[in-house]
Amino acid sequence: MSAQETNEECIQHAQNPKIDAGVSFRVADNVLEKWQCTIAQKCAITGIPKASFYRYKKDSDNISLSNDQIERLSYIVNIHQSLRMVFSNPENLYGFMGMKNNNAFFNGSTPLSLISTGSFGTLYEVFKRIDAMRSGQW
């Protein structure tokens with residue numbers, strides 16, 4: 001299964017009240033891996049404790065996630081989808097989150113460093129600003 005098929009499957013599950021937490025976790029983990037996140041960053045961004053994160057990586061079929069964690073995974077995938085619409089080259093698509101950004105809100109920080117704080121509000125704000133790039137509002 002390709003990454004795009006997996007992303008589309010995750011989006012379909014996100015629209016379905018019965019979310020497949022395993023699929024959502026795998027897709028988000030794949031995106032975070034492409035962004036070159038450390039395990040500490042992955043845990044902070046997803047809100048999943050380290051021990052649970054490792055357990056879910058070994059067996060993603062038996063995952064139980066909170067609504068907060070599901071929303072976090074959704075924002076990760078949606079940030080990735082927005083970046084896919086803006087960038088066609090892999091260097092920008094996967095590297096953007098690690099690039100210093102001098103636009104308002106980022107103030108020279110990387111999007112990844114901001115969302116790695118673990119703040120849900122910051123994850124939302126970063127998503128909002130990256131999503132705005134799709135329509136040239138930035």
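Everything numeric in this text was worked out from a predicted model, so none of it was measured.
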Is the backbone N or O of [Y] less than 3.5 Å from a side-chain atom of [X], with the two atoms forming a donor-acceptor pair by type?
X	Y	answer
N78	S74	yes
Q41	S116	no
Y56	S64	yes

Minimum side-chain heavy-atom gap [X]-[Y] below 4.5 Å:
X	Y	result
L114	F105	yes
M97	L83	yes
E125	K128	yes
L73	V27	no
K57	D29	yes

Relative to the ring of F53, is the ring of F25 parallel (under 30°), tilted (30 to 60°) or perpendicular (over 60°)?
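Perpendicular, since the angle between the ring planes exceeds 60°.
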Could you label the plane-to-plane angle of the H80 and Y94 rings as parallel, tilted or perpendicular, counting under 30° as parallel and over 60° as perpendicular?
parallel
Report the C-alpha distance between M133 and M85 in whole Å, list the side-chain angles of each, state the deciding distance to 0.1 Å, and finish with yes or no for side chain to side chain contact (heavy atoms under 4.5 Å, CB included).
CA-CA 9 Å; M133 291 171 32; M85 291 179 189; over 6 Å; no
Looking at every heavy atom in both [X] and [Y], which two are closest together, and how far apart are they?
X	Y	answer
I76	V31	CG2-CG1, 3.8 Å
N102	G108	OD1-CA, 3.3 Å
I45	I115	CG1-O, 3.4 Å
R26	D61	NH1-OD1, 3.9 Å
G98	T110	O-CG2, 3.2 Å
Q69	G47	NE2-O, 2.9 Å

With rounding to the nearest 0.5 angstrom, report the CD to CD1 distance, E33 to I39.
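The distance works out to 8.5 Å.
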Would you compute the distance between atom OH of Y54 and atom NZ of K42 and round it to the nearest 0.5 angstrom?
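Interatomic distance, Y54 OH to K42 NZ, rounded to 0.5 Å: 8.5 Å.
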Option from N101, I79, L112 for which side-chain contact (heavy atoms from CB on, under 4.5 Å) with F96 holds
N101
Set of residues satisfying side-chain contact (heavy atoms from CB on, under 4.5 Å) with respect to I70, sequence neighbours excluded
I19, L65
For N62, side-chain contact (heavy atoms from CB on, under 4.5 Å) partners two or more places apart
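If we apply the side-chain contact (heavy atoms from CB on, under 4.5 Å) test to N62, skipping adjacent residues, the hits are D59.
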Determine, step by step, whether M99 and F106 satisfy the side chain to side chain contact (heavy atoms under 4.5 Å, CB included) criterion, reporting the C-alpha distance in whole Å, the side-chain angles of both residues, the deciding distance to 0.1 Å, and the verdict.
CA-CA 11 Å; M99 295 177 187; F106 296 100; over 6 Å; no
Would you say CG of N89 has more than 12 non-hydrogen atoms from neighbouring residues, nucleotides or ligands within 6.0 angstrom?
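Yes, because the 6.0 Å sphere around CG of N89 holds more than 12 heavy atoms from other groups.
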Count the heavy atoms of every other residue, nucleotide or ligand shown that sit under 6.0 Å from NZ of K50, and state whether that count exceeds 12.
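12 or below, so no.
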